[in-house]
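Worksheet: one structure, shown below.
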Amino acid sequence: MKFDYLFRNVTVIDGSGGPQYRADVAVQGDRIAQIAPAIDAQAEHDIDGSGKVLAPGFIDVHTHDDINVIRMPEYLPKISQGITTVIVGNCGISAAMATIKNDVPDPMNLLGEAEHFKYPTVDAYAHAVEQACPAVNVGTLIGHTALRNNQMDDLFRPANHDEIQAMRQQLRLALEQGALGLSTGLAYASAFQSTTEEVMALAEELAAGKGIYTTHLRSEFEPILDALDEAFRIGRHGKVPVVVSHHKCAGASNWGRTVETLKLFDKVRQQQDVSCDCYPYSASSSTLDMKQITADFDIIITWSTPHPEVAGQTLKQIADGWSMTLEEAGAKLMPAGAIYYNMDERDVRRVLSYPLTMIGSDGLPNDPMPHPRLWGAFPRVLGHYSRDEQLFPLTVAVHKMTGMSAARFQLADRGLVKCGYYADLVLFDPQTVRDVASFSDPQRPAAGIEAVMVNGVMSYGQNNKVIGRAGRFLRHQAQ
Ligand code: ZN
Ligand code: CU
């Protein structure tokens, strides 16, 4: 027997959260073929992994990579972190199942421009992914705001009965075609007017299709407990798992309150299936929102359609330069994107360490000055938070980005280093792995990621180069 690849003498962190162990791991075709203390066989490619960790490829459960994985299929920002699967369609916005009639509403404009939205069904989107053959696997949620935009002439009101029926029908079709679930972005003005009942009606479709419900809560500020209650109610109504997206307590007066929110998670998890994802930074990023403008903390402008020249400056600097108030400058910059230093580091640590928390980057791939999470989220958890700050062991860090995530999103035969599973693998150096991307220099590949394999194809390695593209579209396994 001659294997395609043999990783020799590696430290396996298998993604289950269990202890690490030394082994040889063989790959044949697109699967893990054998794991043993010493494999006495030959391989086409023999890789000495002494001192290195072999882990399942990381799963980025929170992304806005919908269109970028098709337009730039090498997808260096993600594969260079050891990410082998991205879940797209978060925060209520998806390219799959979206048809754009006029302007692209905020925040769907985070994904791309009107001409990039050309996937009216999940099948159309899946086909485009398969044609593009990106370096990473792609699974999609269906965005509530995208469905609203398909069916409604005005997003700033609740949907009526007929519109809800039409959205349900589209969601049902999407689930039949392999969508993983539904996402909402209830904090954004384009979805804020929807009632809880509107979302509940959609959640009823999820139960039949075995989908999950992910949500950018209606508020991450003072009313966060009410917003969590609403999310959990929707999950109970639809009898579906709930994932709270990028869980945080935003706004200076809200700092410290993850003590309360996680206590609520602890209580609710006794009765229903709930979890969350989180990125490892105390600054957030999205489109510029006039409601979030404040002098309490720095806000960096990442892009502006009328004033692209100010990208990278703080709103304060821009306002001073124009002799304006922050609000006046903000209005002049619209539409625009921003980074908000709106979290407390202690809250970030509390959420990251919480046992139900998965890692998701929430990276914004179209920003000219992106938040560094786009290139650095996963290695930052491994290097900074696990190794340097000892927030949790490396086995736990890997579990939060692999086994836990695959189970939660029902990705069949992925997320573990296990015989018969897909050979989505990352080989990294536990001593040197770290995020290099910073707020001032955000587009930098991570250090210490030595090799990344996707579906048995070596895809990233030396010299930070993409050397293979073998990503697949991942349909919901129940289909
Ligand atoms: Zn969001
Ligand atoms: Cu998001």
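Just follow the structure's listing: the first ligand is 1, and inside any ligand the first atom is 1. The first residue in the sequence is number 1, and the count goes up from there.
Vertex the Cu ion (ligand 2); arms to Cys91 SG and His62 NE2; angle rounded to 10 degrees, 90°. Draw a line from the Zn ion (ligand 1) to NE2 of His246 and another to SG of Cys91, and the angle between them is 110° (to 10°).
The Cu ion (ligand 2) lies closest to atom NE2 when only the N/O/S atoms of His64 are considered. Within Asp362, OD1 is the N, O or S atom that lies nearest to the Cu ion (ligand 2).
None of Thr145, Leu111, Asp66, Leu141 except one satisfies the side-chain contact (heavy atoms from CB on, under 4.5 Å) rule with Ser94; the exception is Asp66.
Here the side chain of His371 pairs a donor or acceptor atom with the backbone of Arg373 at under 3.5 angstrom.
Thr287 and Asp106 share a side-chain donor-acceptor pair at under 3.5 Å. Side-chain N/O atoms of His144 and Glu198 include a donor and acceptor closer than 3.5 Å.
Remark: Arg349 is not positioned above the aromatic ring of Tyr385, lacking an NZ or CZ atom under 6.0 angstrom from the ring centre and at most 45 degrees off the axis.
Among the atoms of His216, an N, O or S atom is found under 2.8 Å from the Zn ion (ligand 1).
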